[in-house]
Amino acid sequence: MPRTVHAAQFHRCRQPLPLWLSHPALPPLTLRVVLCYEHLIKSSIIGNFREGPMSKAAPVVRFAPSPTGYLHIGGARTALFNWLYAQGRGGRFLLRIEDTDRERNNPAAVAAILDGLTWLGLTWDGDAVSQFARADRHRAVANDLLARGAAYHCYASPAEIDAAREAAKAEGRPQIFLSPWRDRDPKEAPAGVKPTVRLKAPRDGETIVNDHVQGRVTFPNKDLDDLIILRSDGNPTYNLAVVVDDHDMGVTHVVRGVDHLTNTARQTQIYQGMSWDVPEFAHVPLIHGADGAKLSKRHGAQGVEDYRSMGYLPVALRNYLVRLGWSHGDDEIMSTQQLIEWFDIDGINKSASRFDFKKLDDLNGHYIRQSSDEELLARIKDMLPHLDFSGLRALDIDPKAPPRSDVTLAHEVAALAPSIVDGNALAARLAHVGWDKVSTAMPALKERAKTLAELVMGALFLVADTPLALDEKARKLIDNDARTTLSALIPRFEKAETWTADALEAEVRAYSEETGAKLGKIAQPLRAALTGRAVSPPVFTVLEVLGRAEALQRIRICAG
RNA sequence: GCUCCCUUCGUCUAUCGGUUAGGACGCGAGAUUUUCAUUCUUGAAAGAGGGGUUCGAUUCCCCUAGGGAGCGCCA
């Protein structure tokens with residue numbers, strides 16, 4: 001019995017929140033999932049949606065993803081639009097999982113969506129609703145439609161329907177199926193065939209969708225066939241379920257992707273069949289990859305979990321996503337508070353936009369620089385457990401796609417500290433070395449990082465295995481002159497009274513003046529010896545953070 | 001094939017018929033600098049094409065081209 005399965009499913013969602021969910025920097029929230037269908041059906045949660053404390057003008061919106069296994073980045077933007085709209089108007093933002101397709105549904109897939117939304121900071125009101133759990137109600141509405149004469153039983157077989165569609169296609173007619181059972185006497189029904197229930201849609205005239213984004217869109221009714229609302233096995237179809245749920249939940253504004261626009265015309269006919277008020281609609285354009293094609297795995301990142309893994313900050317991702325298709329004058333950096341205040345569905349553009357990682361990076365870099373050192377440290381600690389380095393290295397991404405910072409980090413870890421296998425091991429190693437050292441370096445680190453992964457990359461010298469594996473550019477820096485310089489520096493560093501960046505810089509500058517060697521000629525070999533790279537945070541910071549013993553050891557190795 | 005939608009710098013966008021077509025990312029140049037980055041200054045870069053309407057079109061209308069979405073007993 002499915003019901004048991006689902007109680008178990010939601011039980012999973014009740015497990016303790018992962019670390020990154022409970023971080024104090026995130027708004028307080030709880031994972032509010034409907035815990036069992038029994039509860040949902042009997043406790044009239046649905047009824048509550050309709051008679052909430054809101055004034056009449058307060059909108060009710062919803063985000064209704066199907067459990068595909070992750071929260072798609074485009075879906076995330078749709079959710080963001082909904083959330084902002086509700087927030088800005090004292091409305092409610094509801095969440096419904098469209099899990100009527102039993103094959104696609106599984107607990108992990110639902111959890112991934114809830115996690116994604118929560119991470120992005122998009123909290124929903126009330127419990128997440130399972131659409132599947134409401135099947136009885138959907139069936140009841142179908143029967144009501146039948147009783148009203150707005151629907152009929154159709155005994156056409158799938159083969160028959162296919163054939164009709166093929167024929168239509170061959171003749172260049174619209175591929176719609178006009179059921180003969182619309183006007184046929186049900187008494188003629190073939191024995192033993194379980195019928196579907198079809199909506200008796202109007203054949204003449206047109207159906208109009210007044211959309212906040214698309215404007216007034218007209219569909220000739222002759223091009224819309226009678227859609228099936230109940231399958232032959234008695235289960236409701238998506239189009240019926242959406243309408244019934246949106247109505248029952250008191251949804252006033254349906255904000256979703258344009259891919260639903262044609263559905264909306266048909267759904268309008270269901271509303272009309274039931275004499276229900278049609279909600280307001282806003283069909284937002286799609287997000288494409290950088291090449292203009294539909295966003296796919298090859299583009300490198302589809303789910304918000306990928307963006308978390310790369311080290312994007314929720315606030316930055318929100319700021320970036322909202323600017324895809326919406327703007328507020330020349331404003332680029334907008335606080336969440338401002339977004340809530342300014343956002344409106346009437347300002348959304350109609351055309352699809354391309355995802356641009358460079359711009360996201362810039363925004364993220366801005367928010368990183370603006371974050372406090374403590375917060376960044378906390379964010380890093382939250383992110384690390386999600387990183388599987390060997391998995392990241394094995395990702396099959398289009399070589400033309402922009403490199404993922406978490407993948408680059410994975411490669412750097414393999415090069416500098418091959419003994420570290422995953423994010424947890426890296427966190428452990430950093431803890432062993434001392435998080436305080438990361439903190440000390442943070443001001444230098446954060447102005448060089450576009451993502452948290454880059455931030456960690458900058459700190460990798462702290463945990464590198466010795467002797468250091470110098471990369472090619474670093475190796476070239478250690479020539480004979482460099483070895484002489486390094487050797488000369490060793491006794492000075494050994495004698496240094498205070499081991500701080502400032503003191504060490506003064507020491508090196510003194511050496512520079514005494515010998516006439518340019519600072520760059522000293523700093524670069526030092527950098528290479530200390531970090532194994534030609535690029536790093538400021539060498540004096542590196543020296544300080546590494547500590548006298550470790551720093552001297554690394555210098556001695558290169559001084560030969 | 002049918003229905004619907006879209007088209008301003010490379011990208012995201014501003015423009016409520018009159019602008020030297022603005023901003024941001026990216027890119028180029030310069031300054032700062034121990035590398036990289038940050039920061040600052042600065043430069044190049046756009047109305048798909050063709051018709052109308054109008055004193056005047058990026059803006060309104062039509063056509064063409066290009067692009068997208070939908071056309072399931074999927075959601």
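In what follows, every heavy atom counts, from backbone to side chain, and hydrogens, waters and symmetry copies are set aside.
Taking only side-chain nitrogens and oxygens, Thr262(A) never comes nearer than 4.0 Å to OP1 or OP2 of U3(B). In terms of phosphate contacts, Arg509(A) brings a side-chain nitrogen or oxygen within less than 4.0 Å of OP1 or OP2 of U34(B). One finds no side-chain N or O of Lys359(A) lying less than 4.0 angstrom from the OP1 or OP2 phosphate oxygen of C12(B). Within the structure, a side-chain polar atom (N or O) of Asn349(A) is placed less than 4.0 Å from OP1 or OP2 of A14(B). Listed pair Arg354(A) / G10(B) fails the phosphate criterion, with no side-chain N or O lying under 4.0 Å from OP1 or OP2. At A37(B), none of the side-chain N or O atoms of Lys446(A) fall inside 4.0 Å of OP1 or OP2 (strictly under the cut-off). Proximity of Arg533(A) to the phosphate of C36(B): no side-chain N or O atom is located under 4.0 Å from OP1 or OP2.
No N or O donor and acceptor, one from the side chain of Arg448(A) and one from the base of U38(B), sit under 3.5 Å apart. With hydrogens and angles ignored, no donor-acceptor pair under 3.5 angstrom links the side chain of Ser353(A) to the base of C12(B). Applying the 3.5 Å distance criterion, the base of A75(B) shares a donor-acceptor pair with the side chain of Asn263(A). You won't find any donor-acceptor pair under 3.5 Å spanning the side chain of Asp259(A) and the base of G70(B), going by distance alone.
Using a 4.5 Å heavy-atom threshold, the side chains of Ile113(A) and Ser66(A) count as separate. Taking 4.5 Å as the limit, some side-chain heavy atom of His212(A) sits within range of a side-chain heavy atom of Glu280(A).
Taking every side-chain heavy atom of Leu286(A) into account, A69(B) is the closest of A75(B), A69(B), G10(B). Comparing G22(B), A75(B), C73(B) against the side chain of Asp330(A) picks out G22(B) as the nearest. Listed nucleotides: A37(B), G23(B), C5(B). Nearest to the side chain of Gln214(A): C5(B). Which of C71(B), A14(B), C2(B) sits closest to the side chain of Pro174(A) comes down to C2(B). Each of C73(B), U13(B), U11(B) was ranked by its minimum atom distance to the side chain of Thr237(A); first place goes to C73(B).
Comparing the same atom, P, in A37(B) and in G49(B) gives a spacing of 38 Å after rounding to whole Å. For A48(B) and G70(B), the C1' atoms lie 25 Å apart once the distance is rounded to whole Å. If you take atom C1' in A31(B) and the same atom in G22(B), they sit 26 Å apart, rounded to whole Å. For the P atoms, the distance linking G10(B) with C6(B) amounts to 22 Å, nearest Å. For G66(B) and G52(B), the C1' atoms lie 22 Å apart once the distance is rounded to whole Å. Spacing of P atoms, U58(B) relative to U19(B), comes out at 10 Å, to the nearest Å. With C1' as the reference atom, U8(B) and A14(B) are 10 Å apart, rounded to whole Å.
Side-chain N or O atoms of Gln267(A) include none that pairs as donor or acceptor with a backbone N or O of Val243(A) at under 3.5 Å. Judged purely by atom type and a 3.5 angstrom limit, Asp99(A) uses its side chain to pair as donor or acceptor with the backbone of Gln131(A).
Between Phe357(A) and Tyr307(A), the two ring planes are parallel [angle under 30°; tilted spans 30° to 60°]. The aromatic rings of Trp342(A) and His328(A) lie parallel to each other, with less than 30° between the two planes, well short of the 60° mark.
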Going through the distances and angles, do Phe343(A) and Trp326(A) end up as a ring pair (Phe, Tyr, Trp, His ring centres under 6.0 Å)? CA-CA 8 Å; Phe343(A) 180 78; Trp326(A) 180 84; 5.4 Å; yes
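In this entry U35(B) has no Watson-Crick or G-U wobble partner, no candidate having both defining distances under 3.5 Å. With a cut-off of 3.5 Å on both Watson-Crick or G-U wobble distances, the partner of U7(B) is given as A65(B). With a 3.5 Å ceiling on both atom-pair distances, U59(B) lacks any Watson-Crick or G-U wobble partner. Across all strands shown, C2(B) forms a Watson-Crick or G-U wobble pair, both distances under 3.5 Å, with G70(B).
The separation between Ile208(A) atom CD1 and U3(B) atom C1' is 15 Å, rounded to whole Å.
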